[in-house]
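Below is one structure, written out as structure tokens; comments come after it.
For the numbers below, each heavy atom of this structure counts, side chains included, while hydrogens, waters and symmetry mates do not. Not measured: the values here are computed from a predicted model. Counting starts at 1 for both ligands and their atoms, following the listed order. When a residue number appears, it is its place in the shown sequence, counting from 1.
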Amino acid sequence: MSEVKKICVAGDHAGFELKGIITEYLKEKGYEVCDCGALEYDKEDDYPVFATKMAKSIAGGECPKGVLFCGTGVGASIAANRIKGVRAALCFTPEMGTLSRAHNDSNILVLGSRTTTAETSKAILDAWLAGPFEGGRHERRVKMLDA
Ligand code: RB5
């Protein structure tokens, strides 16, 4: 039997539509997707709420990885990276996705809905999901982040 691939998603109103598109894409790829919200569109909602919820579930080991959204990706990144153990990487290209896994062992991919198209987002996600952590000298550096 194949292992269940689990991943969580979260985002505010600005990331709501892209979160839906990427959720469907992840399901097509065989992932079990856990949605940390927003569960409905509300233009008054606040990105720290959803970013923090996802970050805590990753830091607590409930979910191994997540994809996080906001308008630029900046606010969500700042919020998620305040939680110890989280390495949220805002990526604009597939190469950034690959390198954020290889060098930073990123456990959250952050995408900006106002800066990145759905097609580019899928390409970044593919690269990020495929990319193994290289370890070695990068392991030492990653350990320093939480020391
Ligand atoms: C919401 O309008 C927007 O500020 C938010 O999604 C994000 O881009 C913040 O960094």
Exercise. So which heavy atom in the protein is nearest atom 1 (C) of ligand 1, and how far is it from that ligand atom?
Worked result: His13 NE2, 3.7 Å

Exercise. So is there a nitrogen or oxygen of Ala76 less than 3.5 Å from a nitrogen or oxygen in ligand 1?
Worked result: no

Problem set entry | Shortest protein heavy-atom distance from atom 9 (C) of ligand 1, along with the residue and atom involved | Tyr47 CE2, 3.5 Å

Exercise. Nearest to atom 6 (O) of ligand 1, what protein heavy atom do you find, and at what distance?
Worked result: Asp12 OD2, 2.6 Å

For this session: Could you check His13 against Asp45 for side-chain hydrogen bond (donor to acceptor under 3.5 Å, both in side chains), going step by step and ending with a plain yes or no?
Result: CA-CA 6 Å; His13 59 281; Asp45 69 13; 2.6 Å; yes

For this session: Check if Lys43 has a non-hydrogen atom at a distance under 4.0 Å from any atom of ligand 1.
Result: no

Seminar exercise, completed: for atom 10 (O) of ligand 1, nearest protein heavy atom and its distance come out as Gly75 N, 2.9 Å

Exercise. Around Arg82, counting heavy atoms of other residues, nucleotides and ligands shown, do more than 12 lie under 6.0 Å from its CZ?
Worked result: no

Exercise. What is the closest protein heavy atom to atom 7 (C) of ligand 1, and at what distance does it sit?
Worked result: Cys70 SG, 3.4 Å

Exercise. Are Asp105 and Arg101 within salt-bridge range, i.e. N to O under 4.0 Å?
Worked result: yes

Exercise. So with a 6.0 Å cut-off around NZ of Lys56, is the heavy-atom count from everything else above 12?
Worked result: no

For this session: Would you give the length of the straight line joining atom CG of Leu111 to atom OG1 of Thr72, rounded to the nearest 0.5 angstrom?
Result: 11.5 Å

Seminar exercise, completed: ligand 1 atoms nearer than 4.0 angstrom to some heavy atom of Gly71 are 5 (C), 6 (O), 7 (C), 8 (O)

Problem set entry | Donor-acceptor pair between Tyr25 and Asp126 side chains, under 3.5 angstrom | yes

Seminar exercise, completed: Per-atom filter on ligand 1: closer than 4.0 angstrom to a heavy atom of Ala14 are 6 (O)

Exercise. Does ligand 1 have a heavy atom under 4.0 Å from the side chain of Thr72, from its backbone, from both, or from neither?
Worked result: both

Exercise. Under 3.5 Å, is there a donor-acceptor pair linking the side chains of Trp128 and Ser106?
Worked result: yes

For this session: Measure the distance from atom 2 (O) of ligand 1 to every protein heavy atom, then report the residue, atom name and distance (to 0.1 Å) of the closest one.
Result: Arg114 NH1, 3.3 Å

Problem set entry | Identified salt bridge (charged side-chain N to carboxylate O under 4.0 Å, His left out) partner of Asp35 from the options Lys19, Lys27, Lys53 | Lys19

